[in-house]
Amino acid sequence: MKTTADIRRDFLEFFRSKGHTVVPSSPLVPGNDKTLLFTNAGMVQFKDVFLGAEKRSYTRAVSSQRCVRAGGKHNDLDQVGYTARHHTFFEMLGNFSFGDYFKQDAIAYAWELLTEVWKLPKERLLVTIYHTDDEAFEIWNKQIGLPPERIIRIGDNKGKPYASDNFWQMADTGPCGPCTEIFYDHGDHIAGGPPGSPDEDGDRYIEIWNNVFMQFDRQPDGSLLPLPAPCVDTGMGLERIAAVLQHVHSNYEIDLFQHLIKAAAAITNTADLEHKSLRVIADHTRACSFLIVDGVLPSNDGRGYVLRRIIRRAIRHFWKLGALSAEGNFWRMAQPLIEAMGEAYPELVEKRTLIERALKAEEAAFAQTLDAGMARLEGYLTQSAGTIDGEQLFQLHDTYGCPPDLILDILREKGLPDVSAEVTAEYERLMEEQRERARKAGKFGGGVAMPAELIAQLTPTDFLGYDRLDADDLEVVALLKGGAPVESIVAGDEAIVILARTPFYAESGGQVGDTGTLAGEGAEFAVTDTQKFAGQFFGHVGTLDAGSLKRGDRLSGQVDGARRGATILNHSATHLLHAALRSVLGTHVTQKGSLVAPDRLRFDFSHFQAVTADELAEIERRVNAEIRANSEAEVHHMGMQEALDFGAMALFGEKYGEHVRVLRMGDTSTELCGGTHVRRTGDIGLFKIVSEGGIQAGVRRIEAVTGQGALDYIAGEERRLDEAADLLGGNPADIGDKLRALLDRQKKLEREIEALKAKAATATVADLAATAADVGGVKVLAARVEGLDAKGLREAVDHLKQQLRDAVVVLAGAADGKVALVAGVSGTALGPVKAGELLAHVAGQIGGKGGGRPDMAQGGGEDGPNLRGALEGVQDWVKGRLACST
């Protein structure tokens, strides 16, 4: 039996013998291609060659390309473990021609390899072609000898031109062309029909090779122009062809997967080698290991987020098999993978330690919360008869690290309905809010990512700052300059200093990072921010003001105590605010985000209407009552589930380990939180709400100040009140009466002004009526009037229409360089003359526009010399319209 390694070798050597250059697999992260999340096909590394943007020293190539389809447009993650052929990671065998050979040779090569080298029975092979590709039909039928009934023409989907499984295109425009796919018939004992039939989704006929013939350049208008140098791009899944050549039906039965499955079974003490969880673990081992090899590490965004999802999905299947341990298990799969694929991919051997450490760290982080997450999911399902909503889906992900695909797996296994589109949309909305917060937190030139090799060398930073603001003998374990590791920095350098231990708090949970100084042996580093990298390393961001620093140096650290002190007042007040909101508005209130800075706090929460003034007053009163109670801020360390049983709420944005930190203040607030806080609630001093408003549908925001900040805010309000009282000629005590009197007087004056305007308009109308010209029995009046706004102009036009009866009236009022225009038509003039058309004609001459009904229209434009001519031209315009109607 040919092994998978034999098959890969056969393919490469066969095409080498046909003059092809063997090209190594490119990384899973496409180079300089922002259109793809991962390399998902063999042609990706040759994309620029096909487009003509790159020239190679060869015109024929062959490769075995590692691919991932687990994110973005190409995402097979949800199917892995439930089908015979879906994988997150797979190898694509491909041969390529760049303007060299074309259809005839490509088809002949494929047939020779399949039937002469690998000896596949010809009667089990059939092909598909694009329905108009007569050239491919002739090659298969006349030269290869396939009977017509085994050459299936595949047409366009829903009649849309070239929208066919057998017509490939790189994008909406550019290189494209027909393709021919080769299928293997597994036999009539397996359900399913041939391609193009109603039963084509069955497993009897399996596509094993696709030959794409790029011969056209698709234009923006959809037309196809012949390419001057047609190309060939083929792809064959190594796992699929291995299943055929090893005489098994499922890809998971091939030797490579069996080796990984047996290793997973041994690690988990599972006797049933058909268990789907073993398949998932085997598949995900390959995807995770190769992604780590290619520089991707678990994170909350982009490629790192996809990797985290895959790792956590695998860990969850270890959990299903009852195989979680304190040391972890998933990382143990690296060695069996190296045994199976290390010869073909020596980078697996070279980076084994990195793979194992990255998997071990992620497993440790996730395993600590998985039990609690699963328990919380069971609670949700029990409460709602087997369904969950978008908020719950988000909380399971955000707080417990359980991504939606993992939850969908569980629902599927339980036979429960899938989540609805509305639930998914709500989850995506909440995730996008979190991504936006993450984007705004990227303060260092778009963000700095620690290199994978550096992460593998370091241990998590030990935080000393809960009880102190300074510390000595702090070892420099890494330095980053310009985002890259360096051995040393000199005065003037902007850098990030990573210490083994530190009293500086790194930004998380909404609390901003500390500032201060690091110093030692002539070196002085000004810390302007402290950030967390890879979730566990504290990076001190700033500038070296004096001396030099190198790895291994020992420093003393001093946190800006006043800034930290002001920050912790706001942080503790945030917890009290959260409890007060839930008490006053209802338990539906959940945190949607927060910012805890020295000068203020900001708290976003779920609520679907504005908070009333009375509710805000009550919320503020309750927080201040807790402050006056001067309760101790109790800190408890316990297991995650124990903390939840203790009544702790998870604070937005925090990630929790096996042992969590619980903060309890008084009888109202108990939350999981890793931030720094007051010792007693009375330390907060005073809490004052500054503003409340909506930031999006269903989400409100409160901003507030505490301590000296609250006193300063109140003092500022008092100064403004005193200033207002002085302006009103009174004192703060009677400012309300003074203001009411002033408003009453203003309203009286406004009424008097309106009366005067009406009187002026009447006088204006009386004077203007006498100036109207007779045009074919219709009174025409176009004039500029002073002192009338748009409302006054409309009233004047109405009066003139009534007085003149059969009339066309245009009035213009100017102010501040702008002109207001109103036109009216009445009596027999209606019909031949339309006010909207007339106004548009006049406004167009003064750089404006307007419109309206046939009897009344208004608009405006620019004041200037053109206005006079535009008004004088109204008579001729009306005369022309009346003439056309006779």
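One-based numbering along the sequence shown.
Asn624 and Glu626 share no donor-acceptor pair across their side chains, judged by distance under 3.5 Å alone. The closest side-chain donor-acceptor pair between Ser594 and Gln591 falls under 3.5 angstrom. Under 3.5 Å, the side chains of Gln708 and Asp712 contain a donor-acceptor pair of N or O atoms.
Using a 4.5 Å heavy-atom threshold, the side chains of Glu507 and Lys532 count as separate. Between Leu711 and Val705, the closest side-chain pair of non-hydrogen atoms is not below 4.5 Å. Counting heavy atoms from C-beta outward, Trp877 and Leu838 have side chains that approach closer than 4.5 Å. Counting only heavy atoms from C-beta outward, the side chains of Val810 and Val822 never approach each other to under 4.5 Å. By the 4.5 Å heavy-atom criterion applied to side chains, Leu393 and Glu426 are not counted as neighbours. Looking at Val623 and Ile684, their side chains never come closer than 4.5 Å, going by heavy atoms from C-beta outward.
Within the structure, salt bridge (Lys or Arg N to Asp or Glu O under 4.0 Å) pairs that include any residue of residues 825-848 comprise Glu837-Arg881 (at least two apart or interchain). The salt bridge (Lys or Arg N to Asp or Glu O under 4.0 Å) analysis of residues 567-581, with sequence neighbours excluded, yields no pairs. Sorted by first and then second residue, the pairs that involve residues 718-732 and meet salt bridge (Lys or Arg N to Asp or Glu O under 4.0 Å), not counting sequence neighbours, are Glu717-Arg720. Every pair passing salt bridge (Lys or Arg N to Asp or Glu O under 4.0 Å) that includes a residue from residues 816-827 is listed here, sequence neighbours excluded: Lys818-Glu862.
Thr543 places no side-chain N or O within 3.5 Å of a backbone atom of Glu494 that could act as its donor or acceptor partner. Judged by distance alone, the side chain of Gln219 and the main-chain N or O of Asp217 form a donor-acceptor pair under 3.5 Å. Side chain of Glu615 to main chain of Thr612: a donor-acceptor pair is present (N/O by atom type, distance under 3.5 Å, no hydrogens or angles). Side-chain atoms of Ser826 come within 3.5 Å of backbone N or O of Arg805 as a donor-acceptor pair. Side-chain atoms of Asn731 come within 3.5 Å of backbone N or O of Ala733 as a donor-acceptor pair. Checking side-chain atoms of Ser583 against main-chain N and O of Ala579 turns up no donor-acceptor pair under 3.5 Å. Thr574 contributes a side-chain N or O that, together with a main-chain N or O of Asn570, makes up a donor-acceptor pair within less than 3.5 Å. The backbone N or O of Asp514 lies less than 3.5 Å from a partner atom in the side chain of Thr530, making a donor-acceptor pair.
Minimum heavy-atom separation, Val819 to Ala814: CG2-CB, 4.2 Å. Of all non-hydrogen atoms in Ala769 and Gln803, the two that sit nearest each other are CB-NE2, 3.4 Å. Of all the heavy atoms in Gly542 and Thr528, the pair that sits closest is CA-OG1, 3.7 Å. Of all heavy-atom pairs spanning Leu721 and Pro732, the tightest one is CD2-CB, 4.0 Å. Between Arg303 and Pro30, the closest heavy-atom pair is NH2-CD, 4.0 Å. Val808 and Ala829 make their closest contact through CG2-CB, 3.8 Å (heavy atoms, listed as atom of the first residue, atom of the second, distance).
Among Asp734, Asp737, Ile735, the single residue meeting the side-chain contact (heavy atoms from CB on, under 4.5 Å) criterion with Leu728 is Ile735. For the side-chain contact (heavy atoms from CB on, under 4.5 Å) with Thr706, the qualifying choice from Leu601, Ile627, Ile568 is Leu601, the only one to do so.
Leu743 is linked by a side chain to side chain contact (heavy atoms under 4.5 Å, CB included) to Leu739, Gln746, counting only residues two or more places apart in sequence or in another chain. Applying the salt bridge (Lys or Arg N to Asp or Glu O under 4.0 Å) test to Arg701 and every residue at least two apart in sequence or in another chain returns Asp604. Every residue two or more places apart in sequence or in another chain that forms a side chain to side chain contact (heavy atoms under 4.5 Å, CB included) with Glu422 is listed here: Ser420. The salt bridge (Lys or Arg N to Asp or Glu O under 4.0 Å) check on Arg853 picks up Asp855, with sequence neighbours excluded. Applying the salt bridge (Lys or Arg N to Asp or Glu O under 4.0 Å) test to Lys688 and every residue at least two apart in sequence or in another chain returns Glu620. Qualifying ring pair (Phe, Tyr, Trp, His ring centres under 6.0 Å) partners for Tyr713, counting only residues two or more places apart in sequence or in other chains: none.
Distance check, rounded to the nearest 0.5 Å: CZ of Phe605 to CD1 of Ile702 gives 4.0 Å. To the nearest 0.5 Å, atom CG of residue Asp599 and atom OG1 of residue Thr567 are 8.5 Å apart. In this structure, CG on Leu821 lies 9.5 Å from CD on Gln858, to the nearest 0.5 angstrom. To the nearest 0.5 Å, atoms NZ (Lys879) and SG (Cys884) are separated by 13.0 Å. Between the CG atom in Leu224 and the OH atom in Tyr162 there is a gap of 4.0 Å [rounded to 0.5 Å].
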Handout entry: From CA spacing to verdict: ring-ring contact (aromatic ring centres under 6.0 Å, His included), His578, Phe603
Key = CA-CA 8 Å; His578 192 187; Phe603 191 82; 5.2 Å; yes
Problem - Trace of the side chain to side chain contact (heavy atoms under 4.5 Å, CB included) decision for Arg563 with Val512 - result: CA-CA 10 Å; Arg563 185 174 183 276; Val512 298; 3.8 Å; yes
Exercise for the section: With side chain to side chain contact (heavy atoms under 4.5 Å, CB included) as the test, would you mind laying out the steps for Glu752 and Lys748 before giving the verdict? Expected result: CA-CA 6 Å; Glu752 292 176 354; Lys748 180 181 178 182; 3.6 Å; yes
Handout entry: Chi angles and distances behind the side chain to side chain contact (heavy atoms under 4.5 Å, CB included) call for Phe687, Leu577
Key = CA-CA 9 Å; Phe687 172 83; Leu577 171 62; 4.0 Å; yes
Practice task
Show your reasoning for whether salt bridge (charged side-chain N to carboxylate O under 4.0 Å, His left out) applies to Asp863 and Arg784.
Solution key: CA-CA 11 Å; Asp863 194 8; Arg784 173 173 178 158; 3.2 Å; yes
Handout entry: Candidate pair Arg600 and Leu595, rule side chain to side chain contact (heavy atoms under 4.5 Å, CB included), full reasoning
Key = CA-CA 8 Å; Arg600 71 192 191 284; Leu595 171 69; 3.3 Å; yes
For residues 839-850, tabulate all N or O donor-acceptor pairs below 3.5 Å that involve a side-chain atom, not counting sequence neighbours.
residue: His841; atom: NE2; partner: Gln845; partner atom: NE2; Å: 3.1
residue: Gln845; atom: NE2; partner: His841; partner atom: O; Å: 3.3

Just distance, no hydrogens or angles: give the donor-acceptor pairs under 3.5 Å from side chains in residues 771-783, sequence neighbours left out.
residue: Thr771; atom: OG1; partner: Leu768; partner atom: O; Å: 2.6
residue: Asp774; atom: OD1; partner: Gly777; partner atom: N; Å: 3.0

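Classified by interplanar angle (parallel below 30°, tilted 30° to 60°, perpendicular above 60°), the ring pair His571/His575 is tilted.
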